Amino acid sequence: MSFFRYTPLAPLMDVYVDDRKSDLLTVERHIPDVGHFKIAVVGRPSHPALIRTELVGADKEGFNEVQAWEEARLVEHLLSVYRLTTDQQIEYLWLGHGRIWLDTEGNQDETKPRFSATISPISDSDYEREMKNARLLFERTIDHQPLFKLLSDSQQPHLPISYRYLSIYKALELEFKVGKKWPTLGELLARFEDEYRALNISNRTLENYIHEVRDLCAHIKLDNSDTGRGITGLESAEYPRVERLFYLLKNIAFQHLTTKFPVTVNHPPDSADVSESRVTAPEVKARLEGQRKLDKAAKLHQTALVWEQEARGKDEAVSKACLEFARQARFLAGLFTVRGVV
């Protein structure tokens with residue numbers, strides 16, 4: 001049987017329907033030991049609405065992990081070619097930092113997909129609007145524009161992961177690099193060593209690995225040879241590791257900067273949190289509620305860092321009290337993290 005994966009394109013439409021009558025172009029690709037893919041751009045010439053990927057001969061479970069990876073690569077390449085051969089800025093429809101897709105089985109004769117969907121924007125009431133915080137952040141950071149431009153670029157999901165990683169790396173460089181040394185970075189990274197080890201992406205220390213990945217992203221190659229291509233898109237086996245490290249490094253940078261600037265910085269969930277298929281309105285609201293709990297956890301982590309800093313240089317009793325406050329804040333953060341993830 002055939003299995004179909006749909007990737008909605010921006011801008012958002014109220015209703016999406018596919019009956020194969022609006023195909024703008026179709027391409028096919030057979031990948032040995034993976035599967036046979038048929039990919040189409042669906043919509044009007046002036047408004048491409050969907051990318052449809054048909055996996056021919058799929059099992060009842062749909063796309064497995066390898067097939068999903070190859071499908072993402074093929075869709076990305078189709079978008080690259082479409083942008084080069086037309087004057088349209090074709091782009092994914094994003095939910096936070098996650099690309100949306102929807103899966104469906106073909107009908108019994110396997111000649112047509114069975115697909116129609118309604119997608120509604122989330123009400124403004126479902127978002128926490130912190131305009132006062134935004135104004136305060138603007139006023140307090142007007143003299144730090146390069147730093148906040150880097151942080152802003154790291155938040156743009158349509159930018160390549162290599163560029164977003166380099167943006168966060170450069171932000172940390174502005175904060176911590178003195179000449180050719182990073183004298184105080186290790187102290188910050190030490191607090192996140194357990195989280196880094198839990199990612200299981202490298203045996204290197206966190207400090208060594210972030211510099212190694214910086215070279216990988218900056219030089220677009222894996223080593224000093226002429227054959228390693230490095231990260232230019234989705235073709236590299238290093239991509240998942242770099243993506244995981246990026247989200248950790250971004251969290252580290254944001255937590256550090258929110259101790260430097262006395263404001264709260266809210267940011268969307270990572271792609272790993274919102275990239276599953278079959279997104280429904282209740283699921284979106286549940287994810288937003290979960291994200292609010294994770295935001296609270298992040299704020300408590302920031303509070304813990306402040307108390308840990310307060311403990312330095314104080315007499316023993318005061319230092320002990322500050323560290324106890326930090327411990328309690330981290331305990332509460334852990335509770336919110338569990339509830340947010342669940």
Side-chain angles (χ1 to χ4, degrees), residues 76 94 96-98 137 140-141 143-225 228-261 263 265-273 275 298 301-302 305:
E76 185 67 34
W94 297 94
H97 281 190
L137 183 61
R140 298 289 180 89
T141 60
D143 296 326
H144 302 272
Q145 294 180 36
L147 174 62
F148 278 80
K149 173 59 176 171
L150 291 166
L151 297 174
S152 173
D153 285 348
S154 76
Q155 292 291 88
Q156 303 305 311
H158 60 275
L159 292 176
I161 191 68
S162 52
Y163 185 91
R164 296 167 67 199
Y165 181 89
L166 291 173
S167 295
I168 282 293
Y169 182 92
K170 185 64 177 180
L172 289 175
E173 188 176 85
L174 292 177
E175 286 291 294
F176 291 98
K177 193 172 183 181
V178 181
K180 295 184 178 181
K181 303 289 186 179
W182 302 67
T184 59
L185 179 62
E187 182 180 348
L188 172 64
L189 297 181
R191 303 170 191 158
F192 300 88
E193 190 70 26
D194 290 343
E195 294 179 48
Y196 166 63
R197 291 300 174 191
L199 296 177
N200 194 29
I201 54 178
S202 174
N203 292 325
R204 305 287 297 275
T205 66
L206 176 56
E207 185 166 3
N208 285 338
Y209 194 50
I210 66 171
H211 298 315
E212 182 179 304
V213 172
R214 177 268 172 198
D215 294 340
L216 171 63
C217 292
H219 301 304
I220 322 293
K221 58 192 305 184
L222 300 177
D223 49 39
N224 292 325
S225 69
R229 286 187 300 175
I231 295 179
T232 58
L234 291 174
E235 78 281 6
S236 172
E238 292 290 322
Y239 185 95
R241 289 191 284 272
V242 174
E243 186 176 44
R244 293 187 184 99
L245 181 64
F246 163 72
Y247 287 122
L248 174 61
L249 197 62
K250 186 176 73 168
N251 183 45
I252 293 171
F254 273 62
Q255 289 202 30
H256 163 70
L257 290 170
T258 50
T259 64
K260 180 175 180 178
F261 300 101
V263 291
V265 178
N266 287 326
H267 47 90
D270 300 335
S271 63
D273 297 326
S275 61
H301 276 302
Q302 294 158 18
L305 290 174

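The figures here come from the full heavy-atom set of this structure, side chains too, leaving out hydrogens, waters and symmetry mates. The structure displayed is predicted, hence computed values, not measured ones.
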For a quick test of reading the model, state the closest non-hydrogen atom pair linking Leu188 to His256 and the distance between them.
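Heavy-atom minimum between the residues: CD2-CB, 3.9 Å.
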Nearest heavy-atom pair of Tyr196 and Arg204: which atoms, and what distance?
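Scanning both residues completely, I find the closest heavy atoms to be OH-O, 2.8 Å.
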Check whether any side-chain heavy atom of [X] lies under 4.5 Å from a side-chain heavy atom of [Y], and answer yes or no.
X      : Y      : value
Leu257 : Leu147 : yes
Phe254 : Gln155 : yes
Tyr247 : Arg164 : yes
Asn203 : Tyr209 : no
Leu206 : Leu245 : yes
Glu195 : Asn251 : yes

From [atom1] ([X]) to [atom2] ([Y]), nearest 0.5 Å:
X      : Y      : atom1 : atom2 : answer
Trp182 : Leu189 : CH2   : CG    : 9.5 Å
Ile161 : Arg244 : CD1   : CZ    : 11.5 Å
Leu248 : Glu243 : CG    : CD    : 13.0 Å
Lys149 : Ser154 : NZ    : OG    : 10.5 Å
Ile168 : Arg214 : CD1   : CZ    : 15.0 Å

Look at the side chain of [X] and the backbone N and O of [Y], then say whether any donor-acceptor pair between them is shorter than 3.5 Å.
X      : Y      : answer
Tyr165 : Ile210 : yes
Thr141 : His144 : no
Ser152 : Phe148 : no

Stepwise side chain to side chain contact (heavy atoms under 4.5 Å, CB included) test for Leu249 and Val213
CA-CA 11 Å; Leu249 197 62; Val213 172; over 6 Å; no
Classify the ring geometry of His211 against Tyr169: parallel below 30°, tilted from 30° to 60°, perpendicular beyond 60°.
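If you compare the ring of His211 with that of Tyr169, the planes turn out perpendicular.
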Evaluate whether atom NZ of Lys177 has more than 12 neighbouring non-hydrogen atoms of other residues, nucleotides or ligands under 6.0 angstrom away.
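Yes, NZ of Lys177 has more than 12 neighbouring heavy atoms, counting only those of other groups under 6.0 Å.
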